[in-house]
Colleague: 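Attaching a single structure in structure tokens format; questions to follow.
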Amino acid sequence: MQRYVVFLSLILAVQLHAQDSTSAVSGKGLFADHKGFRVGVSLGPRILPGSGGQVEVRYVDQSPSRDSLRQTLDIPAVKVVLAYQLYAEAEFNRFFFQLGVEGFFGKFSSHAPFVGIGITPFRWKSWDVRTSARLTYGSGKYKLGDVVNNSDWFLIGGQKIYDDYLRMNYRDRYIGVVPALTLDKTFGKHWAVEAGASLFITVRHHARVEFYGHNGDGRNSADEGFSFPPRRTTDNASEVALDDVDMDFIRDGEVIDKLPQYYTGLSLLAGVSYMF
């Protein structure tokens with residue numbers, strides 16, 4: 001938590017110092033004539049801390065055949081994933097507003113739309129220093145494993161799923177804030193490259209379990225379109241609270257409430273943008 005406070009303090013100090021920047025640095029002061037729109041994309045590593053260790057997943061479904069899963073997950077203490085950001089931005093003088101989506105890929109993945117606001121406190125020739133803060137609301141997923149159908153159907157929360165396999169995903173809905181610091185350099189009138197750091201801080205998240213049926217390829221069979229003979233049900237997916245299913249997460253012989261994998265982490269992104 002201490003390093004988060006230091007990072008946020010740095011962002012605030014840069015923004016406050018912008019109020020005192022002189023025309024020798026900025027050219028025309030805080031409200032220089034610089035307006036426009038841009039779209040951009042950035043990629044880079046995101047460092048996700050976790051408590052680490054092996055977690056055993058034990059699950060039994062509600063059907064008469066009592067289909068079950070016992071799977072061991074190896075949760076790293078620190079996980080590095082490929083992060084991305086796509087955004088559209090409107091700039092008014094030195095202030096800018098953003099809309100976009102960000103997240104990361106992998107077995108543990110996340111995708112979240114965001115809205116952001118920022119300021120360019122320093123501008124010198126083709127170089128900009130930009131600080132911003134974003135608010136995100138998104139969804140994360142971690143694959144738990146597949147349950148084999150031993151009978152005719154699975155039963156999840158009173159819903160029957162007629163498939164050979166049942167995919168289980170750990171799902172999160174979360175809210176986060178993201179302070180960021182970026183260095184930007186323009187080339188000509190339309191292009192810019194940028195590099196920076198952003199710190200995702202989880203404000204709130206709610207965990208659930210997603211179930212859907214498939215025939216061995218991992219794809220939701222409800223998305224396969226027309227089939228003959230017709231399937232006995234097209235509603236083959238369900239998302240329920242952790243307390244509503246017979247599932248345990250066990251680490252070091254003790255039952256824990258949630259997976260020890262978190263969203264809060266540092267991203268180092270580099271990308272390109274096009275200005276209109």
Side-chain angles (χ1 to χ4, degrees), residues 46 48-63 67-76 79 81-85 101-114 135-149 154-161 163 165-178 200-215 217-224 233-251 255-265 267:
R46 180 162 165 178
L48 302 174
S51 56
Q54 291 188 333
V55 177
E56 183 181 4
V57 181
R58 296 180 183 177
Y59 169 75
V60 179
D61 91 319
Q62 301 165 328
S63 69
D67 306 301
S68 64
L69 171 74
R70 295 190 68 167
Q71 177 97 330
T72 299
L73 306 177
D74 190 8
I75 306 295
K79 187 176 182 63
V81 294
L82 177 62
Y84 74 93
Q85 181 189 96
V101 61
E102 62 186 0
F104 52 86
F105 303 100
K107 182 177 180 179
F108 181 39
S109 61
S110 168
H111 308 285
F114 68 81
L135 177 66
T136 74
Y137 174 76
S139 171
K141 181 177 72 173
Y142 194 104
K143 178 185 173 183
L144 297 178
D146 292 337
V147 184
V148 180
N149 193 346
F154 299 102
L155 184 63
I156 308 296
Q159 175 182 325
K160 294 180 179 180
I161 296 179
D163 279 287
Y165 299 90
L166 184 69
R167 171 63 53 86
M168 297 169 44
N169 292 321
Y170 184 84
R171 279 282 190 180
D172 269 321
R173 298 284 188 270
Y174 61 83
I175 298 174
V177 293
V178 189
F200 187 97
I201 303 173
T202 306
V203 176
R204 182 178 181 181
H205 76 105
H206 178 64
R208 299 175 68 84
V209 183
E210 174 192 59
F211 300 88
Y212 67 81
H214 67 93
N215 293 320
D217 57 4
R219 295 180 300 175
N220 190 332
S221 58
D223 298 331
E224 294 177 358
T233 178
T234 57
D235 186 11
N236 76 331
S238 180
E239 189 173 306
V240 297
L242 292 176
D243 294 338
D244 294 336
V245 292
D246 188 0
M247 175 181 291
D248 291 320
F249 299 117
I250 301 172
R251 184 178 62 179
V255 177
I256 57 178
D257 294 334
K258 299 178 180 180
L259 286 183
Q261 186 72 67
Y262 310 108
Y263 297 92
T264 297
S267 296

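These values consider heavy atoms only, across backbone and side chains, with no hydrogens, waters or symmetry-generated copies. The structure presented is a predicted model; accordingly, all values stated were derived computationally and were not measured.
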Colleague: Does some side-chain heavy atom of Thr136 sit less than 4.5 Å from a side-chain heavy atom of Pro113?
Modeller: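 Not touching, per the 4.5 Å side-chain cut-off.
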Colleague: List the residues meeting side-chain contact (heavy atoms from CB on, under 4.5 Å) with Arg173, not counting sequence neighbours, and say none if there are none.
Modeller: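 Arg173 satisfies side-chain contact (heavy atoms from CB on, under 4.5 Å) with Tyr137, Ser139, Arg171, Glu239 only.
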Colleague: In the structure I gave you, are the side-chain heavy atoms of Gln85 and Phe114 within less than 4.5 Å of one another anywhere?
Modeller: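 Counting from C-beta outward, Gln85 and Phe114 do come under 4.5 Å.
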Colleague: Evaluate the side-chain proximity of Gln159 to Phe211: yes if any heavy-atom separation is below 4.5 Å, no if none is.
Modeller: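 SC-SC contact between Phe211 and Gln159 ruled out.
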Colleague: Working note: Met247 + Val209, criterion side-chain contact (heavy atoms from CB on, under 4.5 Å); need CA distance, chi angles, decisive distance, verdict.
Modeller: CA-CA 10 Å; Met247 175 181 291; Val209 183; 3.9 Å; yes
Colleague: Identify the two heavy atoms, one from Gly145 and one from Gln71, that lie closest to each other, and give their separation to 0.1 Å.
Modeller: CA-NE2, 4.3 Å
Colleague: First locate atom OG of Ser238, then atom CD1 of Ile161, and finally report the distance between them rounded to the nearest 0.5 Å.
Modeller: 6.0 Å
Colleague: What distance separates Leu69 CG from Leu166 CG, expressed to the nearest 0.5 Å?
Modeller: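 Taking CG in Leu69 and CG in Leu166, the distance rounds to 9.5 Å.
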Colleague: Please examine the side chains of Val148 and Asp67, heavy atoms only from C-beta on, and report whether any two atoms are closer than 4.5 Å.
Modeller: no
Colleague: Which atom pair, heavy atoms only, marks the closest approach of Ser68 to Val60?
Modeller: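 The answer is CB-CG2, 4.1 Å.
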Colleague: Can you give me the closest heavy-atom contact between Ile75 and Val55, atom names plus distance?
Modeller: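 Minimum heavy-atom contact is CG1-CG2, 4.0 Å.
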Colleague: Roughly how far, to the nearest 0.5 Å, is CG of Asp172 from CG of Leu259?
Modeller: 8.5 Å
Colleague: Residues two or more places apart in sequence or in another chain: which of them pass side-chain hydrogen bond (donor to acceptor under 3.5 Å, both in side chains) with Thr202?
Modeller: Thr264
Colleague: Excluding sequence neighbours, so at least two apart, what forms side-chain hydrogen bond (donor to acceptor under 3.5 Å, both in side chains) with Asp146?
Modeller: Arg167, His214
Colleague: Run Gln54 and Arg251 through side-chain contact (heavy atoms from CB on, under 4.5 Å) and show every step you take.
Modeller: CA-CA 6 Å; Gln54 291 188 333; Arg251 184 178 62 179; over 6 Å; no
Colleague: Please check if the number of heavy atoms outside Asp74 that lie under 6.0 Å from its CG is greater than 12.
Modeller: yes
Colleague: Could you tell me which residues satisfy side-chain hydrogen bond (donor to acceptor under 3.5 Å, both in side chains) with Ser110, sequence neighbours excluded, listed by chain and number?
Modeller: Tyr174
Colleague: To check you understand the geometry: which heavy-atom pair defines the closest contact between Gly138 and Ala112, and what is its length?
Modeller: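 Answer, listing the atom of Gly138 first, then Ala112: CA-CB, 3.5 Å.
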Colleague: What residues form a side-chain contact (heavy atoms from CB on, under 4.5 Å) with Phe108, not counting sequence neighbours?
Modeller: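 Listed in chain order: Leu48, Lys79, Phe104, Tyr142, Gln261, Tyr263.
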Colleague: Could you give the distance from CD1 (Ile175) to CD1 (Ile201), rounded to the nearest 0.5 Å?
Modeller: 14.0 Å
Colleague: Hey, what do you get for NZ (Lys143) to OG (Ser109), rounding to the nearest 0.5 Å?
Modeller: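 Reported to 0.5 Å precision, the distance equals 12.0 Å.
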Colleague: Decide yes or no on side-chain contact (heavy atoms from CB on, under 4.5 Å) for Val81 and Phe105, but give the supporting numbers first.
Modeller: CA-CA 6 Å; Val81 294; Phe105 303 100; over 6 Å; no
Colleague: Show, in sequence, the C-alpha distance, side-chain angles and deciding distance for Asn169 and Leu144, and conclude whether the side-chain contact (heavy atoms from CB on, under 4.5 Å) test is met.
Modeller: CA-CA 5 Å; Asn169 292 321; Leu144 297 178; 6.0 Å; no
Colleague: Can you name the nearest heavy-atom pair linking Val255 to Asp248, along with the distance?
Modeller: CG1-OD1, 4.2 Å
Colleague: Look at Arg70 together with Glu56 and state whether they make a salt bridge at an N to O cut-off of under 4.0 Å.
Modeller: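 The answer is yes: the pair qualifies as a salt bridge.
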Colleague: Closest heavy-atom contact between Gly265 and Pro49?
Modeller: CA-CD, 4.2 Å
Colleague: Excluding sequence neighbours, so at least two apart, what forms salt bridge (Lys or Arg N to Asp or Glu O under 4.0 Å) with Asp246?
Modeller: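 Counting only residues at least two positions away or on another chain, Asp246 forms a salt bridge (Lys or Arg N to Asp or Glu O under 4.0 Å) with Arg66.
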Colleague: Between Tyr170 and Phe249, what is the ring plane arrangement, given parallel below 30°, perpendicular above 60°, and tilted in between?
Modeller: perpendicular
Colleague: So, for Tyr212 and Tyr165, is the gap between ring centers shorter than 6.0 Å?
Modeller: no
Colleague: Could you measure the distance from the CD atom of Gln62 to the CZ atom of Phe154? Nearest 0.5 Å is fine.
Modeller: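 Rounded to the nearest 0.5 Å, the CD-CZ separation comes to 12.5 Å.
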